[in-house]
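Scroll down for the structure; my scribbles are underneath it.
Order of the sequence lines fixes the chain letters, A, B, ..., with proteins taken first and strands second; residue numbering starts at 1 for each chain.
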There are 2 protein chains.
Amino acid sequence: MQIKNIIEEKNLKLTAARRELLEIFNFEQRPLCFEDIKDKINMDKATFYRNILMFEKESIVRGFESNDKKRYYEIQGSAHSHFICNLCNDIECLDEVRPKKLSGYTIVDTIYKGICKVCNKES
Amino acid sequence: MQIKNIIEEKNLKLTAARRELLEIFNFEQRPLCFEDIKDKINMDKATFYRNILMFEKESIVRGFESNDKKRYYEIQGSAHSHFICNLCNDIECLDEVRPKKLSGYTIVDTIYKGICKVCNKES
DNA sequence: AGATTCGTGCGAGTAAGTTGCATTTAAGTA
DNA sequence: TACTTAAATGCAACTTACTCGCACGAATCT
Ligand SMILES: [Mn+2]
Ligand SMILES: [Mn+2]
Ligand SMILES: [Zn+2]
Ligand SMILES: [Zn+2]
């Protein structure tokens, strides 16, 4: 979907900062934190976090905390779970669609933590 | 298991601080962060975090990051997964034993995020 | 007792994220 | 196209969950 459409669909102003952010998240299609992209973007960190907050509220991106105390954000696409390595802190998107059900709960995200393929081989 | 045994099994010194921590974690049997217990314990936060680090290294407790940017620690018992509510930040232990397998990966922990029973009723 | 080792308290430092405020800008209206 | 205004931005100060260096203290060994 076009970035312009994403923004207009939610009745948000299309600013340079928002376009920049959505272009990166749309291209990368993986979870990124502020540190990952701060050198590629042309805005203050306050602007980054305020826009991300808005994107999360509007369900344009989704975020989660990783082991490194940073929050990672990813554009909303098809539902999938994530694997976070306890050793190298790498985050992987798993293609698995989670049919997991828990009565009374709404499961939005599933995160597996453990040791990734690379780190498993090295040990 | 007795606290004294847990410590001696790992060849650690049983200090007052360590006994205090393990007594609380053993009694509570749920994930706790520093803030949760700081008023119940008699040690500096540096001592708390240094001992927790040791406990994690020795697989006496296990920790994970929650939505509130705090790390929660829980004594190692039977394997189970956790649910973290995106609205009230409550953490629940799920009795489910994870049968989940992923080739090449070692899954140590599973965290579900979403909306808990209480918050689901309120909305 | 003296020496070595490990644990602890204290205070300062770190870093991700947040907030208040003055200024700028997108976008609707004339 | 100029005018208007609410919303977005940059900057700097702030918050907070840890982390680290260091001096002191307690246990253990000889
Ligand atoms: Mn993903
Ligand atoms: Mn638990
Ligand atoms: Zn890894
Ligand atoms: Zn809840």
Side-chain angles (χ1 to χ4, degrees), chain A residues 2-25 31-58 60-74 84 86 89 91, chain B residues 3-4 6-25 31-58 60-74 84 86 89 91:
Chain A
Q2 289 288 14
I3 282 150
K4 210 181 158 192
N5 296 3
I6 297 173
I7 288 280
E8 284 175 356
E9 203 169 76
K10 309 285 183 180
N11 286 319
L12 303 178
K13 272 203 233 177
L14 181 54
T15 65
R18 287 177 184 166
R19 187 194 308 261
E20 231 183 323
L21 287 177
L22 290 180
E23 264 165 12
I24 288 173
F25 282 108
L32 302 165
C33 66
F34 174 67
E35 244 226 308
D36 289 334
I37 61 167
K38 66 175 174 184
D39 294 332
K40 296 177 200 159
I41 60 178
N42 194 26
M43 74 193 68
D44 191 74
K45 63 182 168 175
T47 304
F48 171 88
Y49 285 114
R50 282 189 284 230
N51 276 318
I52 287 286
L53 196 73
M54 167 127 293
F55 291 163
E56 286 202 70
K57 235 182 253 166
E58 300 291 341
I60 296 169
V61 309
R62 177 170 295 163
F64 58 89
E65 316 293 326
S66 185
N67 288 342
D68 56 7
K69 297 257 164 214
K70 292 183 219 160
R71 193 167 171 89
Y72 285 77
Y73 314 94
E74 163 179 72
I84 302 178
N86 287 338
N89 283 339
I91 300 172
Chain B
I3 282 152
K4 212 181 157 193
I6 297 173
I7 288 281
E8 283 174 357
E9 203 167 76
K10 308 284 183 179
N11 286 319
L12 302 177
K13 273 201 226 174
L14 182 54
T15 66
R18 286 173 187 170
R19 188 195 306 264
E20 230 183 324
L21 287 178
L22 290 180
E23 265 166 9
I24 288 173
F25 282 107
L32 302 165
C33 66
F34 174 68
E35 244 226 307
D36 289 333
I37 61 167
K38 65 174 175 184
D39 294 332
K40 297 177 198 159
I41 59 178
N42 195 26
M43 74 194 68
D44 190 74
K45 64 187 165 169
T47 304
F48 171 88
Y49 285 114
R50 280 189 285 231
N51 276 319
I52 286 287
L53 196 73
M54 166 129 295
F55 292 162
E56 285 202 72
K57 235 183 253 167
E58 299 291 341
I60 296 169
V61 309
R62 178 169 295 162
F64 57 89
E65 314 293 326
S66 184
N67 288 344
D68 57 7
K69 298 258 164 211
K70 293 184 219 158
R71 195 167 171 89
Y72 285 78
Y73 312 94
E74 162 179 73
I84 302 178
N86 288 337
N89 283 339
I91 300 172

In whole angstroms, the gap separating P of D:dA27 from CZ of B:Arg19 amounts to 12 Å
Using heavy-atom distances to pick each residue's nearest nucleotide on DNA chain D, tell me which of B:Glu35 and B:Lys13 is more 5'.
B:Glu35
Taking the ring of A:Tyr73 and the ring of A:Phe55, is the distance between their centroids below 6.0 Å?
no
Assign B:Asp68 to base, sugar-phosphate, or nothing according to its heavy-atom contacts below 4.0 angstrom with the strands shown.
nothing
Quick one: B:Arg71 CZ to D:dT16 C1', roughly how many Å, whole number?
17 Å
Rounded to whole angstrom units, what separation is found between the CG atom of A:Asp44 and the C1' atom of D:dC14?
14 Å
Go through it in stages, so that I can follow the logic: the residues are B:Ile41 and B:Phe34, the test is side chain to side chain contact (heavy atoms under 4.5 Å, CB included), and I'd like the CA-CA distance, side-chain angles, deciding distance and then a yes or no.
CA-CA 10 Å; B:Ile41 59 178; B:Phe34 174 68; 4.2 Å; yes
Over the length of the helix from C:dA1-D:dT30 to C:dA30-D:dT1, how much do the five-pair end axes diverge, rounded to 10 degrees?
30°
Reckon A:Arg50 touches a base, only the sugar-phosphate, or nothing at all at heavy-atom distances under 4.0 Å?
base
With a 4.5 Å heavy-atom cut-off, do B:Leu32 and B:Glu74 have their side chains touching?
no
So the contacted stretch of DNA chain C, first to last nucleotide with an atom under 4.0 Å from a non-hydrogen atom of chain A, runs from C:dA16 to C:dA27
From CZ of A:Phe34 over to C1' of D:dG10, roughly how many Å is that when rounded to an integer?
12 Å
A:Lys10 side-chain N/O to A:Glu58 backbone N/O, donor-acceptor pair under 3.5 Å
yes
So A:Arg18 and A:Met54, side chain to side chain contact (heavy atoms under 4.5 Å, CB included) or not? Walk me through it.
CA-CA 10 Å; A:Arg18 287 177 184 166; A:Met54 167 127 293; 3.9 Å; yes
Assuming nearest nucleotide by heavy-atom distance, tell me which of A:Phe48 and A:Lys45 is located more 5' along DNA chain D.
A:Phe48
When you measure from the side-chain N and O atoms of A:Thr15 to the phosphate of D:dT9, is any distance below 4.0 Å, counting only OP1 and OP2?
yes
Please give, in whole Å, the distance from D:dA8 P to A:Leu22 CG?
13 Å
Ignoring backbone atoms, establish whether B:Tyr49 has a side-chain N or O less than 4.0 Å from OP1 or OP2 of D:dC18.
yes
Tell me, with the steps shown, if B:Leu12 and B:Ile6 meet side chain to side chain contact (heavy atoms under 4.5 Å, CB included).
CA-CA 9 Å; B:Leu12 302 177; B:Ile6 297 173; over 6 Å; no
Residues B:Asn42 and B:Glu20: closest non-hydrogen pair is N-OE2, 2.7 Å
In whole angstroms, the gap separating P of D:dA17 from NZ of A:Lys70 amounts to 19 Å
Here the pair of heavy atoms bringing B:Cys33 nearest to B:Tyr72 is N-CD2, 3.5 Å
Salt bridge (charged side-chain N to carboxylate O under 4.0 Å, His left out) contacts in which one or both residues fall within residues 44-56 of chain A, not counting sequence neighbours:
A:Glu56-A:Arg71
Using a 4.0 Å heavy-atom cut-off across all strands, classify A:Ala16 as base, sugar-phosphate, or nothing.
nothing
Residue mapping more 5' on DNA chain C - nearest nucleotide basis, B:Ala46 or B:Lys69
B:Ala46
Quick one: A:Lys38 NZ to D:dG10 P, roughly how many Å, whole number?
16 Å
Atom CD1 of A:Ile41 to atom P of D:dA8: distance rounded to whole Å?
17 Å
Test side chain to side chain contact (heavy atoms under 4.5 Å, CB included) applied to A:Phe64 and A:Ile91, step by step
CA-CA 11 Å; A:Phe64 58 89; A:Ile91 300 172; 3.9 Å; yes
